[in-house]
Structure formats: structure tokens, C-alpha cells
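Values in this document were obtained by computation on a predicted structure and should not be read as measured data. One-based numbering, in listed order, for ligands and for the atoms of each.
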Amino acid sequence: MTSLNFTCLDDYDPNALSVDRARQLILDTLQPVVGHERVFVRQALDRVLAEDVISPVDVPAHDNSAMDGWAVRHVDLATEGDARLKNIGTAFAGRAFAGKVGAGETARIMTGAVLPEGVDCVVIQEVVKVEGDTVIIPPGQRREQNVRRAGEDLRTGSPAIAAGKKLRPAELGIIASLGIAEVLVRRRVRVALFSTGDELCSIGTPLFPGAVYDSNRYTLWGMLTRLGCEVIDMGVVKDDPASLEAAFREAADCADAIITSGGVSVGEADFIKQLMAQLGEVAFWKIAMKPGRPMAFGRIGTEDQGAWLFGLPGNPVAVMVTFYQFVRPALLKLAGVSPVTSFPTFAARCVEPIKKGKGRTEFQRGVLFQENGEWCVRPTGHQGSGILSSMAVADCFIVLEPEREKVGAGETVQVQPMTGLV
Ligand code: AMP
Ligand code: MG
């Protein structure tokens with residue numbers, strides 16, 4: 001296969017990668033998977049649009065009223081003092097007024113009703129006085145006020161939604177508003193995952209001495225399912241070359257991407273490295289971050305036949321942090337989402353001090369709250385990379401930049417809310 005382009009970059013140092021650089025290297029390497037299917041509007045929720053949706057109609061289809069009121073010709077209104085117009089009928093939503101509004105005339109009009117011919121202004125009913133057949137309009141009305149023109153939302157032939165958009169409820173509504181019943185979406189990304197480690201025990205079996213239950217497969221399954229991936233769970237694989245090789249080959253045959261956890265830390269990396277060199281092309285990175293320093297990224301198999309590999313660290317919090325920072329954007333790119341944007345952060349006041357070493361980005365777990373209208377954040381306590389409960393109670397990451405050292409109580413920090421991310 002062709003060499004992964006990042007391995008030949010001049011300033012590429014796998015032992016000192018920043019979070020942003022690592023993410024960019026991954027994104028630059030990947031291309032969206034090929035394949036699509038046509039689905040009904042409701043099935044398209046959270047799927048990635050494969051072609052532009054072009055509006056086959058004007059939305060709205062007709063000039064219509066934005067308010068309940070009186071349909072008038074602006075030229076008939078007095079610039080000073082009231083105008084007295086004759087009531088000639090009513091325009092309802094879905095039942096147009098058949099006639100034309102001529103000089104000195106007005107028609108009652110409801111929200112959404114088609115604008116009668118001649119009308120260029122709607123006066124809200126609250127300011128109007130009615131005396132018998134006479135309708136009294138106060139001065140100060142503007143031409144085109146409360147008027148919605150045909151095509152002002154979407155024009156016939158114009159792109160309504162661009163390919164690459166992950167469809168949310170608003171887009172489903174737009175598709176429906178165009179009268180379209182089915183759309184072309186990209187196929188889901190297939191992701192195979194397995195956990196590595198001789199100490200791992202699957203749920204449903206008793207713990208043997210020194211064992212821990214495998215939790216990573218469950219957090220990963222949850223995160224992947226939320227992202228809309230097709231998940232192939234391959235279980236726990238022992239730290240033994242033959243079993244690992246078999247697992248990698250099987251995964252590469254059936255998936256677009258493989259996610260493993262464990263086995264990339266310094267003590268274990270050497271024998272995995274040897275194996276990877278035989279199976280494909282994988283880089284082992286030391287990323288300037290905490291948690292989640294060691295990570296492997298590359299390809300198992302060939303360019304045409306094979307799968308991308310994300311070798312995540314074993315510690316449960318590190319798995320989640322590296323997933324959100326690297327794997328999530330990567331899978332969005334593979335899924336055809338365009339553009340892949342970074343997740344927003346905002347400033348909040350940290351109410352407790354935080355210890356931090358210089359030189360790497362830290363993703364601490366925090367809980368957001370409001371005090372006197374200001375957003376504040378409290379760290380969740382013990383921040384060890386094995387303390388999964390810190391993720392469970394958290395609703396945000398406190399993102400501490402590499403240059404930053406300790407944080408004093410009351411200082412401003414950047415937070416990345418988990419809402420929408422997780
Ligand atoms: P490793 O990266 O393989 O050295 O693992 C680092 C730590 O994470 C060790 O304490 C492992 O026992 C733990 N660990 C690895 N994989 C899992 C898993 N799937 N579930 C829970 N803990 C794990
Ligand atoms: Mg291990």
C-alpha cells in the first residue's frame with residue numbers, strides 16, 4: 001500500500017504530538033466510505049445526506065400573510081391621519097379570497113392565507129377599528145409589512161440542504177416542506193471493536209483472581225451507536241500474537257474501522273508493533289494529553305482491502321477521552337459528514353483549584369452550574385484515568401491548554417459540554 005502521508009512529514013514527531021495536530025493528521029488521511037441508500041424521511045434522522053436536496057418548489061409556494069389582520073394596498077393609506085377602507089371579504093389559510101382588492105378596499109386576512117391580488121401590505125388587527133363595512137387604518141404602515149413572499153424561504157432549483165449534512169429534525173422538516181418523501185443517504189460506517197488484555201473478563205462470567213470486567217466494549221458500543229455506526233463487537237482478545245493477528249484479520253475483512261482498547265502502553269507496545277508491521281501500516285503516537293497519551297493509528301490490510309485502526313489506551317477514561325477527541329471526528333469524516341467541525345468550548349469560572357503539569361492538554365471532568373447568571377464548573381474529584389465514575393457524574397470536560405499550569409479557585413477555564421458530544 002502507499003505510505004500513510006503523515007509518516008513522511010518533515011515536522012512529524014510521533015513522540016510529541018499535540019491533540020490538534022494528531023486530530024488533523026487523522027482527518028487529512030481519511031476519505032469518506034463509498035456507498036449509499038435511499039430511505040424515507042423519518043429513517044433519515046441522524047444519517048448523512050449523500051446528495052444535495054434541491055428544492056422542486058418555492059417555499060412558501062404563494063405570497064401570504066404573516067399575521068391575522070387586514071390586507072391593503074399601501075398606496076391607499078394616508079401618510080397622516082387614518083385611512084377609511086371598505087371591507088370586501090375574508091382570506092382564510094387554505095381558502096383564498098377570490099376577488100381582487102381594488103382602490104379604497106381591504107379584505108380581512110388570516111395568517112398563512114394567500115395574499116389577494118393587488119395587496120402589498122398587511123395591517124395587524126389589533127391597531128384597526130371596524131365600523132360596519134368601514135375599516136379604519138392608522139398611519140405609519142410600511143409597504144411589504146407582514147407579507148411573506150413566495151420563495152422567500154427556498155426558491156425552486158436552489159440547494160435546500162447540502163450533501164454531507166447530518167440530518168437533524170430541522171432538516172427532516174425542510175425535506176417534508178418540499179414534498180419529498182425519500183432521500184439518498186450515505187451507508188453507515190461499519191466499526192469492529194475488541195478489547196485486549198489477559199486480565200479482562202466478560203460480564204456474565206465470574207471474575208478470576210486478578211481480573212477486571214471489560215467495561216470498554218460497553219462505553220465504546222454506546223459511543224459508536226450514538227454516532228450512528230454499525231457496530232461489530234468481537235469480544236475480548238488475549239494478549240497473545242496469534243489470537244490478536246486472527247482478530248485483526250477478521251476485523252479488517254468486515255469493517256471500515258477497527259477500534260481496540262489496551263495494549264498500546266509502553267510495556268505492551270513492542271509486541272503489538274511487530275504484529276502491526278506485518279499486518280499493515282500503523283503509527284504509534286505519544287500525544288501530549290492526559291488522559292490518553294499512547295495511541296495507535298493506521299491501516300490494517302491494504303488501501304482497497306482493509307480497515308482503519310484506532311488503537312486506544314486501556315484505561316476506561318482514556319478510552320472515552322481519546323474517542324471524543326480523535327475517533328469521533330474521524331468516524332464523522334468516514335461517514336461523509338462535511339465539514340467536520342470541532343466541538344464548541346466556552347469559558348466558565350472554575351470554583352475549585354486544579355493541579356496540572358505544563359506541556360500537555362488535560363481533559364478533566366467537571367460539572368457545570370450557574371451562579372448569579374454566570375457559568376461555573378466544579379471538577380468531579382479524583383481524576384485518575386481509571387476512574388470511570390468521574391465520567392458518569394460529569395457533564396463537561398474542563399479543557400486545560402498545554403501552557404497552563406495549576407488553576408486557582410475562581411480562575412476562568414475552557415469547558416466542552418458533553419451535551420451533543422456524547
Ligand atoms: P493497558 O493500556 O492495556 O496497559 O491497560 C491499562 C489499564 O486499563 C489496565 O489497568 C487495564 O486493566 C485497564 N483496562 C484495559 N482494558 C480494559 C477494559 N476493556 N475494561 C476495563 N479496564 C481495562
Ligand atoms: Mg493491556
Side-chain angles (χ1 to χ4, degrees), residues 14-15 17 19 22 191-226 229 231-248 250-251 255 257-276 279 282-298 300 309-327 360 362-365 382-394 422:
N15 289 313
L17 270 181
V19 172
V191 182
L193 66 94
F194 56 87
S195 298
T196 71
D198 289 340
E199 77 282 28
L200 299 181
C201 198
S202 290
I203 53 175
T205 54
L207 274 185
F208 54 88
V212 291
Y213 279 119
D214 172 13
S215 60
N216 290 342
R217 258 162 62 222
Y218 294 85
T219 47
L220 282 168
W221 177 87
M223 295 187 289
L224 290 165
T225 303
R226 280 277 177 90
C229 298
V231 185
I232 303 150
D233 183 347
M234 296 177 56
V236 172
V237 178
K238 295 279 177 209
D239 287 321
D240 118 75
S243 314
L244 282 167
E245 179 172 347
F248 277 116
E250 188 188 331
I258 306 167
I259 301 178
T260 63
S261 70
V264 291
S265 53
V266 178
E268 297 176 299
D270 286 347
F271 104 87
I272 298 254
K273 270 184 188 165
Q274 277 175 15
L275 179 62
M276 294 297 169
L279 294 177
V282 175
F284 285 75
W285 288 342
K286 289 197 178 66
I287 302 173
M289 71 187 290
K290 185 181 174 183
R293 195 159 117 90
M295 192 180 124
F297 170 66
I300 301 291
L309 170 73
F310 300 89
L312 307 185
N315 275 306
V317 181
V319 165
M320 296 195 78
V321 170
T322 48
F323 183 92
Y324 289 130
Q325 295 305 317
F326 306 113
V327 185
R360 53 190 190 179
E362 285 201 15
F363 295 87
Q364 300 225 354
R365 278 73 68 204
H382 193 2
Q383 295 282 333
S385 62
I387 311 287
L388 194 53
S389 57
S390 71
M391 278 298 296
V393 292
V422 302

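- Between Phe248 and Phe194, the ring-plane angle classifies as perpendicular under the 30° and 60° cut-offs.
- A distance-only check finds no donor-acceptor pair linking the side chain of Arg293 to the backbone of Pro291 [under 3.5 Å].
- Put simply, the side chain of Thr196 gets close to the backbone of Ser261: a donor and an acceptor are under 3.5 Å apart.
- Checked against salt bridge (charged side-chain N to carboxylate O under 4.0 Å, His left out), Asp233 has the following partners two or more places apart in sequence or in another chain: Arg217.
- Looking only at atom types and distance, the side chain of Asn216 has no donor-acceptor partner in the side chain of Ser195 under 3.5 Å away.
- The Mg ion (ligand 2) lies at 2.8 Å or more from every N, O or S atom belonging to Glu199.
- For ligand 1, the protein residues within 4.0 angstrom (heavy atoms only) are Ser195, Glu199, Leu200, Tyr213, Asp214, Ser215, Asn216, Ser261, Gly262, Gly263, Ser265, Glu268, Gly314, Asn315, Pro316.
- Between Ser265 and Pro294, the shortest heavy-atom distance links the atoms CA-CG, 4.1 Å.
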